[in-house]
Amino acid sequence: MSKRISGAEILIRSLIDQGVKNIFGYPGGTIMPVYDKLYDFTDRINHYLARHEQGAIHAAEGFARVSGETGVVFATSGPGAMNLLTGLNDALIDSTPIVAVTGQVATPFLGKDAFQESDIVSVTLPVTKWTIQVRKPEDISLAIAKAFYIANSGRPGPVVVDITKDAQTGLAEYEPQTCNYIRSYHPSPEIKDSVLLEAAELINNSKRPMILAGHGIAIAKAEQLLIEFAEKAEIPVACTMLGLSSIPSSHPLYKGMLGMHGNIGPNINTNRADVIIALGMRFDDRVTGDVTKYAPDTKIIHVDIDASEFDKCVKSDLHIHGCVREALEKLLPFVNENKHSEWLDSFRPHEETEKSKVMEREINASTDDGKMLMGEVVSRVSKAFGEDAILVTDVGQNQMFGVKYFGFTSPRSIVTSGGLGTMGFGLPSSIGAKIGAPERNVVLFVGDGGFQMTLEELGMIMEYNLGVKIVLLNNNFLGNVRQWQHLFFNGRFSATPMINPDFRMIADAYGIPAEDVSCREELDGAIARMVEHTGAYLLNVNIEPKDMVFPMTPPGAAVNEILLAENEYYKPENN
C-alpha cells in the first residue's frame, strides 16, 4: 500500500507534476496547511510573496503572458479569495491561463458564516472557465489535473480550485493524475477542408485583403506562421493591442495598431478592404467603433478557437472554428502567391499624415516649461533598451502611448490589461513578466493613478531583487479620464486632479534607485543611468497634464472618423 500523505502535500506534488516552478500568493488561516507543506519543497518550487492578493494574481498573469506557461496563485478564504476577483476577470477576458488555489473553511463549517468564509464557487463562476470545491484529500490530484487542462486548452482562461481545510489536513494515497479529455468539453474542434478552400478562394480573388491579428496569435504561438501567410499573399497586417509583437514593428507588411487610439492607416483601410482575415480576435468595441458603419462592404473571415465570438459583435461571412495556428498551417498551401502593391501603397499617405501631424508633434515636443510629453518619453526609452525588451503598461494614457511608441522585434513582448482595462495591473504584472523572462529587459510605463493602486508590490521587487525598470509618467492627473472630460464633458475636471506623494522617496524606502526627471534636458541622462543599472530603477517623469492621445476615434463614431487633434478631423482625399 502506498504511503498516505496529507491533502496539502498531494496538492504540492500535483503542481510539481504539472511542471509548476513558480507560485504567487499570500498565506492565511485556511490555506496554512498548504503553506506549511510548501516549506518542504522550496528546492523545487519558488513562492513569491505578494503584498496583496490582487498583486499576486496580476503577477501570475504577467508571468503567464511572457512565459507561455500557466500562472499559479494561492490565497486564503474569505477576503483573500475575494481579492482575486479582479485578476480572474482580467484573465478571463484576455484569455490568460491561471490556476488559482484558494483555501476554504472546513467542511462542517460550510454555509454557517464561519470566520473568513465566502462562497467562492458561486462568486467566481462568472469570471472563470471552471470552478470546483474539493472537500476530500483523495480528490485533489484529479481536480488539479483537470484545472490545468481546462486553463490551457481551447481558449485559455482562469480556473479556481477551492480546497477545504479538512481536505488539506486529511490523509490519502497520492496517485498522480493526468487529464486530456472531459466529456462534453471539446476545446480543439476539427477544421474542415471545405471551409479552408472557401476562405482561400475569397483571399485569392481579393484585391484589398487585410489581416487583423489578435491575441490568439501569441496564445497559439503562431507568430511565424502569421508572417509566412502574410508574405506569401502580400497581405498587410494590423494588430489589436494584445496582438502587438506578433509581427515585428519594422516588418514592411505591418501597418500598425487597430482601434480607438490605433494608427490611421489600418483604421481607414479597414473600411476599404474587400476581404478581412480576422485571426484570434474578438471585434471588441474599441476596435470597431460604430459597428453599423464597420467594414460595410467587406467579406470577413473570422478564425477563432471560441465559437461564441462568431457574430457576437460583427457579422462575418465565413467562420473557421479552431486553433489559429492549425488554421494557418492548413490554409497556407491553398493560398496563392500574390502581389498587392497598389493596396499596400494606399497606407502610405495615412502613415505620412500621422507622422507629420501627430507623432512628430509628440516626439519632438517643445513645451516652454520643460514638461515632457508621453510619446517622446516612450520613444526615447524604447530606443535606449532596444526592441527586444518586454513592454508592460498600466491602463490609461500611459498604456496608449506605450503601445504606440514602443517597438517590437520578438514575440510575447507586450503585457497589458486589454479587455477589462484594470488600473493597478502594471506594476505586479511587470514583476511576473520579469520572473517569466529573467533574461529580458522588462520596462513598465505607468501613470501616477494606476501606480498608487498597487505600489505596495514594490515590496516584491525589493525582496526578490527583480530588475524591473519603471517609468512613471506623472502628470498629477488621472490623465485618460481628464482627456475625455476635456473633449466630451466641457472641461469639467471632476475628481481627476491628484496631489501626489514623493515617489522617489517611496522607491528609496524599498531600496530602489530612483530619479525625478523634471525637464527635457535631464531625460536622456536619466534613461542612460536606468539602462546601465543592473537592478530595478524608477524614473518619475514630469509630464505635461494637457498632453492627449491622438489619433482618436471618438466614442460612438465610425472607425474611420478620426481626430488628429482637438477639433481637427482627418480628411483623406480618398476616404
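Quick note: numbers below take in every heavy atom, side chains included, and nothing from hydrogens, waters or symmetry partners.
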Full working for side chain to side chain donor-acceptor pair (under 3.5 Å) between Ser413 and Asp388:
CA-CA 7 Å; Ser413 292; Asp388 189 49; 5.3 Å; no
With side-chain contact (heavy atoms from CB on, under 4.5 Å) as the test, would you mind laying out the steps for Thr288 and Val559 before giving the verdict?
CA-CA 6 Å; Thr288 65; Val559 71; over 6 Å; no
Yes or no on side-chain contact (heavy atoms from CB on, under 4.5 Å) for Val471 and Leu473, after CA distance, side-chain angles and deciding distance?
CA-CA 6 Å; Val471 182; Leu473 301 172; 4.0 Å; yes
Residues His350, Glu354; criterion side chain to side chain donor-acceptor pair (under 3.5 Å); working and verdict
CA-CA 6 Å; His350 309 307; Glu354 183 170 357; over 6 Å; no
Would Asn474 and Asn540 count as a side chain to side chain donor-acceptor pair (under 3.5 Å) if you check the C-alpha gap in whole Å, the side-chain angles of each, and the deciding distance to 0.1 Å?
CA-CA 7 Å; Asn474 186 355; Asn540 177 36; 3.1 Å; yes
One pair to check against side-chain contact (heavy atoms from CB on, under 4.5 Å): Val541 and Leu472. What are the steps and the verdict?
CA-CA 6 Å; Val541 185; Leu472 175 55; over 6 Å; no
Ile247 vs Glu223, test: side-chain contact (heavy atoms from CB on, under 4.5 Å). Steps then yes/no.
CA-CA 7 Å; Ile247 183 170; Glu223 294 90 350; over 6 Å; no
Go through the steps to decide whether Tyr537 and Glu515 satisfy the test side chain to side chain donor-acceptor pair (under 3.5 Å), and finish with yes or no.
CA-CA 8 Å; Tyr537 210 89; Glu515 293 186 51; 2.7 Å; yes
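Val395 pairs by the side chain to side chain contact (heavy atoms under 4.5 Å, CB included) definition with Gln399, Ser417, Met423, not counting sequence neighbours. With sequence neighbours excluded, no residue satisfies ring pair (Phe, Tyr, Trp, His ring centres under 6.0 Å) with Phe334. By the salt bridge (Lys or Arg N to Asp or Glu O under 4.0 Å) test, Asp516 is found to be paired with Arg504, residues two or more places apart in sequence or in another chain being considered. Remark: Arg361 pairs with Val358, Phe550, Ala565 by the side chain to side chain contact (heavy atoms under 4.5 Å, CB included) rule, at least two apart or across chains. With sequence neighbours left out, the salt bridge (Lys or Arg N to Asp or Glu O under 4.0 Å) criterion links Lys192 to no other residue. Annotation: ring pair (Phe, Tyr, Trp, His ring centres under 6.0 Å) contacts of Phe445 (sequence neighbours excluded): none. Every residue two or more places apart in sequence or in another chain was checked for a salt bridge (Lys or Arg N to Asp or Glu O under 4.0 Å) with Glu522, and none qualifies. Every residue two or more places apart in sequence or in another chain was checked for a ring pair (Phe, Tyr, Trp, His ring centres under 6.0 Å) with Tyr569, and none qualifies.
When side chains are defined from C-beta on, Val517 does not count as touching Asn542, because their heavy atoms never get closer than 4.5 Å. When side chains are defined from C-beta on, Pro551 does not count as touching Tyr570, because their heavy atoms never get closer than 4.5 Å. In this structure, the side chains of Ile562 and Ile268 come closer than 4.5 Å at one or more pairs of heavy atoms. For the pair Arg520 and Arg380, the minimum side-chain heavy-atom distance is below 4.5 Å. In this structure, the side chains of Phe310 and Lys315 stay at 4.5 Å or more apart for every pair of heavy atoms. For the pair Leu344/Leu253, a side-chain contact is recorded, criterion being any heavy-atom separation below 4.5 Å from C-beta on. Using a 4.5 Å cut-off on side-chain heavy atoms (C-beta onward), Val66 and Val415 make contact. Residues Ser95 and Ile305 fail the side-chain proximity criterion, which asks for heavy atoms closer than 4.5 Å.
For the residue pair Asn560 and Thr270, no side-chain donor N or O sits within less than 3.5 Å of a side-chain acceptor on the partner. A donor-acceptor contact closer than 3.5 angstrom links the side chains of Asn500 and Asp448. Thr422 and Asp90 are linked by a side-chain donor-acceptor pair at a separation below 3.5 angstrom, with hydrogens and angles left out of the test.
A side-chain hydrogen bond (donor to acceptor under 3.5 Å, both in side chains) check over residues 244-254, counting only residues at least two apart or in different chains, returns the pairs Glu231-His251. Residue pairs that meet the side-chain hydrogen bond (donor to acceptor under 3.5 Å, both in side chains) test with at least one member in residues 329-343, sequence neighbours left out, are Glu326-Lys330. Sorted by first and then second residue, the side-chain hydrogen bond (donor to acceptor under 3.5 Å, both in side chains) pairs involving residues 476-486 (not counting sequence neighbours) are Gln397-Gln483, Gln485-Thr496, His486-Glu566.
Within a 6.0 Å radius of NZ in Lys232, other residues, nucleotides and ligands contribute more than 12 heavy atoms. Around CZ of Phe489, the count of heavy atoms belonging to other residues, nucleotides or ligands within 6.0 Å does not exceed 12. Other residues, nucleotides and ligands place more than 12 heavy atoms under 6.0 Å from the CZ atom of Arg155. Around CG of Asp297, the count of heavy atoms belonging to other residues, nucleotides or ligands within 6.0 Å does not exceed 12.
Ile277 CD1 to Leu318 CG: the interatomic distance, rounded to the nearest 0.5 Å, is 11.0 Å. Going from atom CD1 of Ile98 over to atom NE2 of His58 covers 10.5 Å, rounded to the nearest 0.5 Å. Rounded to the nearest 0.5 Å, atoms CZ (Arg65) and OG (Ser429) are 7.5 Å apart. Summarising the geometry, atom CG belonging to Asn475 is positioned 8.0 Å from atom CG belonging to Asp547; distances are rounded to the nearest 0.5 Å. Within the model, atoms CZ of Arg412 and CZ of Arg440 stand 10.5 Å from one another, a figure rounded to the nearest 0.5 Å. The distance from atom CD of Gln54 to atom OG1 of Thr86, rounded to the nearest 0.5 Å, is 4.5 Å.
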Check: residues 207-222 side-chain donor-acceptor pairs under 3.5 Å, at least two apart:
unit_1 : atom_1 : unit_2 : atom_2 : d
Arg208 : NE     : Arg272 : O      : 2.7
Arg208 : NH2    : Arg272 : O      : 3.4
His215 : ND1    : Asp94  : O      : 3.0

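Residues Thr454 and Pro428 share a closest heavy-atom pair of OG1-CD, 3.4 Å. Heavy atoms only, all atoms of each residue included: Gly259 and Asn267 are closest at O-ND2, 2.8 Å.
Taking the ring centroids of Phe401 and His261, they lie at or beyond the 6.0 Å cut-off.
For Glu532 (side chain) and Arg529 (main-chain N/O), no donor-acceptor pair under 3.5 Å exists by modelled atom type.
None of His302, His319, His321 except one satisfies the side chain to side chain contact (heavy atoms under 4.5 Å, CB included) rule with Glu309; the exception is His302.
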